[in-house]
Number of protein chains: 2
Amino acid sequence: MWGVTIHAHSRDSASIRDVAKLANVSHQTVSRVLNGHPNVRPATRQRVLDAVAELRFRPNRAARMLATNRSYTVGVLMTASHAYYGPSSVMSAIEDAARDSGYSVLLARPRDTEVAEFSAAVDHLIHEGVEGIVVVAPQIRAAEAMMTLREPVPVVMIQCEVADPGLSVDNEVGGELAAQHLWELGHRRIALVAGPADWSESGARTRGFERFLASVGAQPVAAAGGDWSSMSGYNAFGHLADTAFTGVFCANDQMALGFIHAAFDHGINVPTGLSVVGFDDVPEAAHYLPPLTTIHQDFDVLGRRAVDRLLSAMQQDANAATDEAFSLRPQLIVRKSTIPPVLNPPSALGSP
Amino acid sequence: MWGVTIHAHSRDSASIRDVAKLANVSHQTVSRVLNGHPNVRPATRQRVLDAVAELRFRPNRAARMLATNRSYTVGVLMTASHAYYGPSSVMSAIEDAARDSGYSVLLARPRDTEVAEFSAAVDHLIHEGVEGIVVVAPQIRAAEAMMTLREPVPVVMIQCEVADPGLSVDNEVGGELAAQHLWELGHRRIALVAGPADWSESGARTRGFERFLASVGAQPVAAAGGDWSSMSGYNAFGHLADTAFTGVFCANDQMALGFIHAAFDHGINVPTGLSVVGFDDVPEAAHYLPPLTTIHQDFDVLGRRAVDRLLSAMQQDANAATDEAFSLRPQLIVRKSTIPPVLNPPSALGSP
DNA sequence: CGACCAAATGTGACCGGTCACAAGACTCTC
DNA sequence: GAGAGTCTTGTGACCGGTCACATTTGGTCG
């Protein structure tokens, strides 16, 4: 790969000096027109623009980067895989928003949440010349790793409660909504399937959930944890099988799906034998059997907001961008996986 | 945004000449060491490497790009949104593979499949200096639009039968497997829920499906189309409700999910009242109710293979890379949504 | 030991933009 | 109509790498 250098493509495109010659001005004037500098006579400007059009000129990005030390690129640091609905939705929104503002997006994905991996990924981005970084690293360790790094460019962290001027969906409220919904339906024995302990969203959902229960003098009758996957939701049911409960909150939709599957395999029907609330409102949730009651969050807004904030921080040059924390309120979507506790086996209320 | 230029970040990093001074050699020698040029005395090389380490030097990409007219970047053109499982899985694999080979990935997403949009997106990539392009544009029109463009860099198209040296999962075989499976279970009245007509995968799946049926002297008793979404699968059921059938092939898992949901809403149970086969094997498919029999495809291999091919085409400079077409064979995964036709209402076999 | 060749290293130009500064053109005032 | 001030344009250096070519160094051989 080294050694041999291939001049792979077009060395033929027009340069700013070609345009200048054709328009009969200096290269600097062309540069001024290109950059919208005010002090150019309209006639001259037009002449230059014509030449640009005729030669199909487009400025060379590398040259501009070299000269200005600016890249018009922002980096996204994402630890989660595309398989996770939330992070990848946010990623997509970020890309769109950045493009709309004239920026390119460069993705870096550390393989794990070790500080070293993180640092390497950030270095990579910095080295590529990104002017700012959006971090979508919902694991707590990732956020912490990120906080230890002091970067020369503005950084915006999404969905990470550790960062001070955080930007996130308010997962605690989401957890509360879930608990409140089950409670108000009449459920008194409620279980929890939490997300992985190392994700901050997971903690927040659990916290909100438990906080509401506490506010009415209750607490979860049982709890298990999963890794967001349907399989782990399925397995969680096994861990909870000894306990009787009539409602369960699963920290995301996939786990809810797995949980419902497991319940079915154990002869328990949802919602008649058990009410289930999920979280995320993935597009398929409306068609699960039964259609899943869940908590909806608007990832799109989150992504766009992140880019807005990053860009404004970049404008102000300093990372003095201490915007107020911004929290999106999630929303309860009631479907058919939750009903009042009826016809439950006596044990559900009877045994400890 | 124009007019004001912000020197946002570090103009402070070391250059190749700083390294040269510290190592007491010329800048050119440093360059040689960096590029692994053979004719450098080991002692000198070591001295340079030490200096590089000490100054934490990293070559400036923009400068290299400018000088060599190479970018070490490949472009990905993707028309589908992240919500589609297949394309986003492939995208993810491409990113990993490219990174492993030392390339960055730049994403361009045309808003629609108009030739103009396409052309603009490609222009963007070219202008950013990508050395090759992977097109993940499963819509037929997108592929056609792409074919009309003659680009100065190698292009690899994924999952698009229009392109000659195509690279794809063999969706026809997948369709055949689905039909064969239903047939061998004993189903004789089989329906089809196809994907959107403008996606080539959709056509291929349908073709394979019908081809198998034809080979045993049969044909679908009814057909509807969807747009890949669960909702469209749900609606498809309504269009097929007049016809009696005991098995159905849905061209992707999400539509299968919606279809099962609709069947349930009409009092038909899967699999006892109806057998359903999906396509894709999304991670949740194993936990649908019932767990979905479906066709598995390996998107990861597809993505990596695409990058391999692109890189080799780039090596050979020319786009003379007429590799043989490469087709991944998908695989039938039998779960619980398909059983022999039993206990079906008489009408299922009786009426026309 | 000088000649000769290859290996090792150095020199300056160049890629295509932007920057700082200089210089020319044009107004306006007295 | 000369001087001051503004608007417009031009000049050459520079960013940090690589390239082509020149030069020095080291080794081998007659």
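On a predicted model such as this, the values are computed, not experimentally measured, just so you know. Sequence lines set the chain letters: A, B, ... in the order given, protein chains first and strands last, and positions in each chain run from 1.
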Problem set entry | Nearest-angstrom distance from the residue atom CZ of A/Arg17 to C1' of D/dT11 | 11 Å
For this session: Can you tell me the distance, in whole Å, between the CZ atom of B/Arg64 and the P atom of C/dG16?
Result: 18 Å
Problem set entry | Among C/dG17, D/dT11, C/dG10, the nucleotide that comes nearest once only the side chain of B/Ser26 is considered | C/dG10
Exercise. Taking C-beta and beyond as the side chain, do B/Val136 and B/Val134 meet within less than 4.5 Å on heavy atoms?
Worked result: yes
Problem set entry | A/Arg99 to A/Tyr103, cation-pi by 6.0 Å centre distance and 45° axis angle | no
Exercise. Are B/Ser31 and D/dT18 close enough that a side-chain N or O sits under 4.0 Å from OP1 or OP2?
Worked result: yes
Problem set entry | Interatomic distance, A/Leu66 CG vs D/dC14 P [rounded to whole Å] | 14 Å
Exercise. Given the rule in the side-chain contact (heavy atoms from CB on, under 4.5 Å) test, do B/Arg305 and B/Val307 qualify, once you have shown the distances and angles that lead to the verdict?
Worked result: CA-CA 5 Å; B/Arg305 194 87 181 212; B/Val307 172; over 6 Å; no
For this session: Round to the nearest Å and state the distance from A/Asn24 atom CG to D/dT8 atom C1'.
Result: 15 Å
Exercise. For B/Arg45 and B/Arg32, what are the C-alpha separation, side-chain angles and deciding distance, and is it a side-chain contact (heavy atoms from CB on, under 4.5 Å)?
Worked result: CA-CA 9 Å; B/Arg45 174 188 311 279; B/Arg32 274 191 270 259; over 6 Å; no
Exercise. Whole-Å distance between C/dC15 C1' and B/Asn60 CG?
Worked result: 13 Å
Problem set entry | Side chains of A/Val301 and A/Leu328 in contact at under 4.5 Å (non-hydrogen atoms) | yes
Exercise. According to a strict under-4.0 Å criterion, is A/Asn35 in side-chain N/O contact with OP1 or OP2 of C/dT18?
Worked result: yes
Exercise. In whole angstroms, how far is the P atom of D/dG10 from the NZ atom of A/Lys21?
Worked result: 15 Å
For this session: Let me know the distance between CD1 of B/Ile16 and P of C/dG10, rounded to the nearest Å.
Result: 12 Å
Exercise. Do B/Arg61 and B/Thr73 have a side chain donor and acceptor closer than 3.5 Å?
Worked result: yes
Exercise. Which comes earlier along DNA chain C counting from the 5' end, the contact point of A/His27 or that of A/Arg32, where each point is its nearest nucleotide?
Worked result: A/His27
Problem set entry | Residue pair B/Val153, B/Glu131: steps toward the side-chain contact (heavy atoms from CB on, under 4.5 Å) verdict | CA-CA 6 Å; B/Val153 299; B/Glu131 298 175 35; 5.6 Å; no
Exercise. Between B/Thr29 and C/dG10, does any side-chain N or O lie under 4.0 Å from OP1 or OP2?
Worked result: yes
Problem set entry | Under 3.5 Å side-chain donor-acceptor pair for B/Ser26 and B/Thr29 | yes
Problem set entry | N or O in side chain of B/Ser15 less than 4.0 angstrom from D/dG16 OP1/OP2 | no
Distances for protein N/O vs nucleotides 23-27 of chain C N/O pairs under 3.5 angstrom?
none

For this session: Starting at atom NE2 of A/His37, determine the distance to atom C1' of D/dG10, rounded to an integer number of angstrom.
Result: 13 Å
Exercise. Who pairs with B/Phe299 by ring pair (Phe, Tyr, Trp, His ring centres under 6.0 Å), at least two apart in sequence or on another chain?
Worked result: B/Tyr85
Problem set entry | Stepwise side-chain contact (heavy atoms from CB on, under 4.5 Å) check, A/Arg109 with B/Ser92 | CA-CA 10 Å; A/Arg109 211 156 9 147; B/Ser92 183; 3.4 Å; yes
For this session: Check every atom of C/dG17, D/dG17, C/dC19 against the side chain of A/Gln28 and return the nucleotide holding the closest atom.
Result: C/dC19
Exercise. Does anything in residues 38-55 of chain B reach DNA chain C, meaning a heavy atom under 4.0 Å, and if so which residues?
Worked result: B/Asn39, B/Val40, B/Arg41, B/Thr44
